[in-house]
Amino acid sequence: MTFIKELTKGLIKDNPIFVLVLGLCPTLAVTTSVINALGMGSAATFVLLCSNIIISMIKGITPSKIRIPVYIVVIASFVTIVDMVMAAYLPDLHKSLGLFIPLIVVNCIILGRAEAFASKNNVIMSIADAIGMGLGFTLSLTLIATFREILGAGTWLGMRVTPMSYDPMLIAILAPGAFITLGFLMALMNMIKEKK
Amino acid sequence: MRLKTFPGGIHPHDEKHYSAAAPITKFPSPQRVIVHLSQHIGAPSNPIVEKGETVLKGQLIAEAAGFVSLKQHAPISGTVTKIGKFLHPTGAMGMGIEISADGKDEMIQLGDEENFLELPVDVLKERVSNAGICGMGGAGFPTFVKLSPPEGTSIDTVILNGVECEPFLTSDYRLMLERSEDIINGLKIIMKIVSAKAGIIGIEANKPDAITLLRKLCAKERGINVVGLKMKYPQGAEKQLIYATTHRKVPAGGLPMAVGVVVQNVGTAVAIYEAARYQKPLIERVISVTGPVVKQPMNLLAPVGTLFSDLVEYSGGLTQPLGKAISGGPMMGFALPSLDAAMIKGSSGLVLIGAKEAKSKAEHTCLRCARCVDICPMNLIPSTIANAVKYNDLDMAVKAGLNDCIKCGSCAYVCPAQIRLVQWIDTGKIRYAEAQRGK
Amino acid sequence: MNKNDKLIVSPAPHVHDKTTVKNVMWNVVLALVPALIFATYYWGLRALLLSLTGAVTAVVCEAIIQKLRKVPITVNDGSAFLTGLLLAFNIHAGAPIWLPIIGAVFAITVGKQVFGGLGNNPVNPALLGRAFLMASWPTHMTGGWVAVKGAAMSGINNLSHIATNLEQLSPKAYELVTSATPLNVAKSLRDSSFIAEINAQAGGIDLGGRIFTGLTEMETLKSLFWGNIGGCIGEVSVFALLLGAAYLLYKNIIEWRIPLFFIGTVFVLSFIFGGLPGSGTSVMLPFFHIFSGGLMLGAFFMATDYTTTPLTKQGRIIFGIGCGLLTIVIRLVGGYPEGVSYSILFMNVMTPLIDRLTRPKAFGRVKK
Amino acid sequence: MMLVILQSSSILGTIGLPVLIIGALGLLFGLILAIASKLFEVEIDPRVEEIIAVLPGANCGACGQAGCAGYAEQIVHGGEALDKCAPGGADVVAQIAQIMGMQASAQTRKVAVIHCSSGGYENTRWKYYYEGVETCKAAVNIAGGPNSCAWGCMGLNDCLSACKFDAISIDSNGMRLIDLEKCTACGACVKACPRNLIDLVPINRNVYIKCSSQDKGGEAKQICGSTHPCIGCGICMRKCPVQAITITNNLAQIDYDKCINCGLCATVCPTKSILDLLVGTRKKAEINPENCIGCTICTKVCPVKAISGEIKKVHVVDQEKCIGCEQCVPKCPKKAIEMV
Amino acid sequence: MGYLGEIFVMAMTAIFIQNFVLSRFLGLCPYLGVSKKLDSALGMGMAVIFVMTLASAITFLINNYLLIPYSLGYLQTIAFILTIAALVQFVEMVIQKNAPALYKSLGVYLPLITTNCAVLGVAILNTTALRSDGVTEYNFLDSLLNGFFSGVGFTVVLLAMAGLRMRLDMAELPKSMKGMPIALILAGIMALSFYGFMGFQI
Amino acid sequence: MKYYLKLGFILFVFCAIASGILAYINTLTAPVIAERKAREEEETRNSLIPNADFEQKVTDQGMIYYVAKDPAKDELLGYTFIAADVGYSSTVQTMVGVDPEFEVLGIQVVDQAETPGLGANCTSPSFASQFSGMSINDLYVDKDGGEVASLSGATITSRCITNSLRESILDVQDEDQIGGEQ
């Protein structure tokens, strides 16, 4: 029962982006297109899952003074694995995600979940938490990317979805557009929450 | 004529034409007066008469309750009919002594010391103290206290405030025209008391005849100068007047004596003169009853404690329904809930405005136009203070100058968004005092 | 109980200046009318149409949002109209009609209403709208300029001794003559190879070097002053803008510090650094810089926006100097030919910090 | 030398070398941190550490502090509120409260009540038409406040805007109403009211004076816009079975340490200026005829004369009259009276 | 252009043209989180400048003397983040002990910096960054200065943001806009206002 | 002492294990990455100058270029090399193929991180195809009076690519002439 609860909380109730407001850097940087969002989402989910498992296993043996370095080493290893594998087999995605793959290390979602959840719960629960949070992260990224890609490029997942006469609003895929889009999406979430 | 002034300030229309030409008229003795026990800054006076007692005009009816307090005298002869709460000209209720006239207008015995300037300083000071004189410009600081600087403070200049920068009011102006000799005598007495070498009479440029007259009279006096000032509000504020006339800056939180200056209103000077020479207590003063809805705007010499309603009646009543009655000038005066209040020693005017003109506009969000910042004579940021008070950020309010505000009202006057800056700042001051007490 | 038979009691002061938010805003609109008339004269009714479209859209948009937010509708205070008008003034007359519409909607929504409306916006909404349009549709914002009737757009009329008609010009010279605005020309002339080619076509005379000084000759300045030269709708005529500015200064609606220090900084810096390769420094250069582009419009009508500029006098001086500095930096080394709007936007963002730094010392307070 | 060897041999080189280098880095940093932690040990309040452990550690900054540690520090030393951690939610708040030793629920919960029955436009007698800043704190300083009663509610809603829990609303009479469920007794409204009309009373005390006027009876009646001012007549004081009411400055006051919630005062007040929240819900006395010996003690103690009966006969409680004050119950020698 | 010119270019680039927060999307969490009050923003900014400078220097050494000589480029991430995490923790301990006053104003922000991607970002970017000639790689001093200027760039926008947000504390925002949404929109507006610096050819 | 060693040891173990695993995975992926990169370059070269053998050469300045020869006739078909320059927000790398007369056969942008929607459009075929057949003298963007139609709203990127092409073609040309004399 709690397994399901931990699994689903990341989707809406504790959504990492819209509710917890964690991991904004990749959120804003890579959501220029849906494909990037999916790529980043799955990469982060993978790292989150693996590091949650390991950290919940080693939670008893790390003294507090070196807890953060140890966690970070664990996370960084998985990030590097993702980085290498992606470079080898998904080179295009690797190129467009660029700097933000190594930066998954410092994505506060991952260290945050490690600290807040995995270091206090058992492996099974940590898996549920990781999958839930990862999915929540991926879905949020995709949602933001959907808005930005359609507005800013007129396409979705690379397919043209707007009439040819539509002149894409470039700002949506530029930096200011990223902030403003996310800002309005969050305001929308607040509005929905208030109505409830 | 080179005019002096201070930085900042505003130029409201002076509106003095209503009563400027009206000579001082003596108000006939009223049926009933109310002598408020709080006519001044400091502890309220202690009544020494009881209900039913008969008093003579000029008789002492309340003692000073401490150093910073004031003696009060009966302005008419009659019977004490009530000691209780009455409407104070600040609009709130305050303790006062009601005296009903016996119609005889019998006065206590006065003296006449022709060589009043020869009197020793101690005697002069005592006479001022016994006469119950306080500042007659509005603030009402006990004059005796002002004339007793603490040991080690040396005063070199006495400034007489004949600025009367508040719109509408003309009582000081008429006084300067009609009692100029007495004013100069009063100034000389003050200079003697505080042993100052220089005396300055500051007058704004919209009263050129007063400037000319006093200049002429002062020409033969040593050490006394009449300074013409640009027409600007709030030039009558102590610190601004001192800066305008002497270029000295009174430190924040300090008193004028910190820069060797004593400032007195011209009305106060007259009262001091009368006290020194005749030992006459302060029981009457000149008050302007003016405004667009007064039938016959006047400058009345009326007993302290006369009801405003009596004054209005004497001035011929109203031409239109009354909207707002202001005790004092329109920039810093108090709007009254009714005309049942009685004038006090600091009441320089009663301004009556019709119902239509009295309406004010609703507040708008601050535009940050910075007009208030540009004109603030104290160099503060009124809009920020007001906003900080509104959103409960006292810290910010203090940083923007909350405690330095003199509440002159210039900022609220110019604000295009009609924000009641002075009221917000005032509220902030109260909150701040509460917070300080809480600590 | 009827309250109205009671006397009114309110806090002092009991008298008030006549200026209100409403008449401030509409006075600024009035001050922009000469520029609008000149623009309409030079570019025809299309300029008028674009301007009014922007203004009306802004007003309608503000009304709708206020209705949705269930707050009092205050569009008659003129601020939305002004924002829309200023936004349209920052668009050239050849732009498609939907550009000012979308720009105005963005300016009012993101620039103003999300912050709670007039008085709370952090940056000038009209400039934000323009920056938004620049980022979104650079092709529409920087291309498709319409020439003023009877004049070369760039205002360069002194190439006649190279060729009698445009076809005879080399690509570069052609480019120069057909450049959208004088500032674009100035930008192109920063490339030395460019000048070399112009000189070559002119038969070895140092023409390239002189083109710019040529530009600044009285004739060109005159064009700039009266406005028969390329540019955005509102930049049209220095004369018309100065007329409006004089009115605002006279009415005490804007304060002189920001415009003076803004324009002054541009003037001084362009005198020192504005020289182009080969041309040296010309006395006329500073005048060219202050007369061209959106400087007059920006300095008098947008950098003086109450809400987004510093409160204190010293703050306004810093603000003006900052705007001027950034403008000249962007014009000389930046990616855009014109930098007025971005420099004002940037300084808007810095305004709270400037306010903090220039908090005045109360009268009678001494430095600690 | 080792490195060179490792580099040369392939398997050792490709895997051993990185292990060695990064491992060495780890060892180095581990040692440095270990030594540093001893060398630079600082006494910290153990509660800070405990709170840090409880907090989610996301360092998100939602609390307005710089990270979780900063927030913990502020809770312990800066008196910061406990409920600022958005990611943590209610659980974390509870845990922090435990660490801080705050037993908010152990004490009797208090609620705020307003000691005025006027307020709003209609129920107030006005002195003048007020034009100014719409806050009580400001208005009270303009000519003593716009309403005639110097002790009454001005209706400018300082309490309402001070309440962060949405517990204050305006009822149909224009009076401010406190929702006792939502009220957390934070005291914000108490501080906000410039006329000190609000104070905190234990929630289990349901009777309070709805007036603060210190004017004399006649004046108070004239000045108040509502018909419910306290006129200081003293009837409640005399009727109170436990002497919990005193009259000072023409105003009744209830001492809640003594009050037994009987509601008697509310029924006797001639101006209805005492509000009894329990009216109609109290249990009423009933005499068990089997146990009643007709001693008449109860008839004497009943403040509303609801018990009748002759001596040595079974007494009856008039249910209409009984207000449920329970005065009779402890007095009955035979325990014959029950509250039902 | 002499080395001073090079430094100037580097500073302009790091602070205005390629600002870490507004155009690289790095360090957003503290940017949005610690910009509610000007004082804490200043503290955070100072802490970031300090750590970024130090981290740039140390990671440069690790990269050039350990990773590159033994061709362990793929271990860059793990080595850098380990260094940064340990460094931050170490600095925190030292300051807490030896400069309690400094710790009070600066130290509390330090743990937050471990997860500030701007620090790791600058370390990684330093390894690939080129001087303005487009050929020369960064040397030790370049890296250190770049770290410093990037920190300054972060601080500048953080302070401006805090200033703007403090102003909005005193405004009637629409309810749904309060908090994060308005901060993000402000960030967007700031990013747009920095567009004037785009395409600079210094 | 034990405490210190314990802390150091734990961190050591984690780092060691982590780097061991990473090193192992690296041995698996590194060749794949390298091979893929090489193949991609190869493919690009082939698309620019089809049916040719490529021979790698290095200029004096250290620039790598390839000489394309017809395998059948041993005839010089042209050269390919990568031109790079700093654009708007990144270094743009363009692979170019030229014929023996140094006229452009085709270009392909291989690496860039320009503004999406503006500069990033330089990868579009419509932009790239216009370069075919241009000689050095044509290689200026239209705003500089050349033949290259710059991308709308992205003059800087267009100019960067055009200029980098021109300069590297000149470099290779010089090298070739020197080489020819030798």
Side-chain angles (χ1 to χ4, degrees), chain A residues 18-19 21-30 65-81 83-84 87 99-112 115 171 174-195, chain E residues 19-33 74-89 93 111-121 123-125 128 174-195 198:
Chain A
F18 289 108
V19 181
V21 202
L22 295 172
L24 285 183
C25 309
T27 305
L28 292 170
V30 304
K65 291 288 167 205
I66 52 163
R67 195 181 71 230
I68 302 248
V70 167
Y71 289 177
I72 268 204
V73 166
V74 172
I75 296 167
S77 315
F78 290 112
V79 170
T80 312
I81 292 172
D83 194 11
M84 293 191 294
L99 179 64
F100 285 89
I101 296 174
L103 290 182
I104 295 176
V105 178
V106 279
N107 186 330
C108 8
I109 293 178
I110 293 168
L111 193 63
E115 283 261 302
I171 196 172
L174 302 178
F179 288 112
I180 293 170
T181 313
L182 185 58
F184 274 112
L185 282 175
M186 277 193 178
L188 197 70
M189 294 272 172
N190 285 351
M191 248 187 258
I192 295 168
K193 238 190 275 169
E194 265 169 45
K195 285 249 169 75
Chain E
N19 186 282
F20 256 62
V21 177
L22 297 177
S23 70
R24 290 199 204 267
F25 293 116
L26 292 173
L28 289 181
C29 291
Y31 172 63
L32 295 168
Y74 62 94
L75 287 176
Q76 199 183 52
T77 311
I78 194 167
F80 281 13
I81 193 67
L82 178 65
T83 313
I84 292 169
L87 176 75
V88 170
Q89 209 165 348
M93 285 193 254
L112 210 58
I113 293 171
T114 313
T115 49
N116 184 345
C117 43
V119 181
L120 184 60
I124 294 177
L125 285 170
T128 57
K175 215 172 166 194
S176 53
M177 279 291 163
K178 277 186 182 146
M180 224 16 99
I182 204 71
L184 281 162
I185 287 174
L186 269 181
I189 288 175
M190 277 180 77
L192 209 47
S193 76
F194 271 65
Y195 261 44
M198 285 280 178

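Every chain is numbered from 1, with letters handed out A, B, ... down the list of sequences. Because the structure is predicted, anything quoted here is derived from the model rather than measured.
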With side-chain contact (heavy atoms from CB on, under 4.5 Å) as the criterion, how do A:Ile171 and E:Leu192 come out once you've worked through the C-alpha distance, each side chain's angles and the decisive distance to 0.1 Å? CA-CA 9 Å; A:Ile171 196 172; E:Leu192 209 47; 3.8 Å; yes
With only heavy atoms counted, which part of A:Met84 is less than 4.5 Å from chain E, the side chain, the backbone, both or neither? side chain
Starting at CE of E:Met180, measure out to CG of A:Leu24 and round the result to the nearest 0.5 Å. 7.0 Å
When rounded to the nearest 0.5 Å, the distance separating CD1 of A:Ile72 from OG1 of E:Thr83 is 10.5 Å
Enter the distance from A:Ile104:CD1 to E:Thr77:OG1 here, rounded to the nearest 0.5 Å. 10.0 Å
Could you pull out the closest heavy-atom pair between A:Val73 and E:Leu82, with the gap in Å? CG2-CD1, 3.4 Å
Taking all non-hydrogen atoms of both residues, which atom of E:Gly188 and which atom of A:Ile180 are closest, and how far apart? CA-CG1, 4.0 Å
If you look at every heavy atom in E:Val21 and A:Phe179, which pair is closest and at what distance? O-CZ, 4.0 Å
Interface moiety of E:Lys178 toward chain A, non-hydrogen atoms closer than 4.5 Å: backbone
Between E:Gly27 and A:Cys25, what is the shortest heavy-atom contact and its length? N-SG, 3.6 Å
What pair of heavy atoms forms the shortest contact from E:Tyr195 to A:Ala175, and how long is it? OH-N, 3.9 Å
Could you check if a side-chain atom of E:Gln76 sits within less than 4.5 angstrom of a side-chain atom of A:Pro102, using non-hydrogen atoms only? no
Name the region of E:Leu26, side chain, backbone, both or neither, that has any atom closer than 4.5 Å to a heavy atom of chain A. both
If you define the side chain from C-beta out and look only at heavy atoms, does anything of E:Phe80 sit under 4.5 Å from A:Val105? no
Close side-chain approach of E:Leu184 and A:Leu185, heavy atoms under 4.5 Å: no
If I compare all heavy atoms of A:Ala76 with all of E:Ile81, which pair ends up nearest, and what's the gap? CB-CG2, 3.6 Å
Could you tell me the separation between the CG atom of A:Asp83 and the CD1 atom of E:Ile78, rounded to the nearest 0.5 Å? 12.0 Å
Against chain E, label A:Thr80 side chain, backbone, both or neither, depending on which of its atoms sit under 4.5 Å from a heavy atom there. side chain
Contact class of A:Ala87 relative to chain E, heavy atoms under 4.5 angstrom: neither
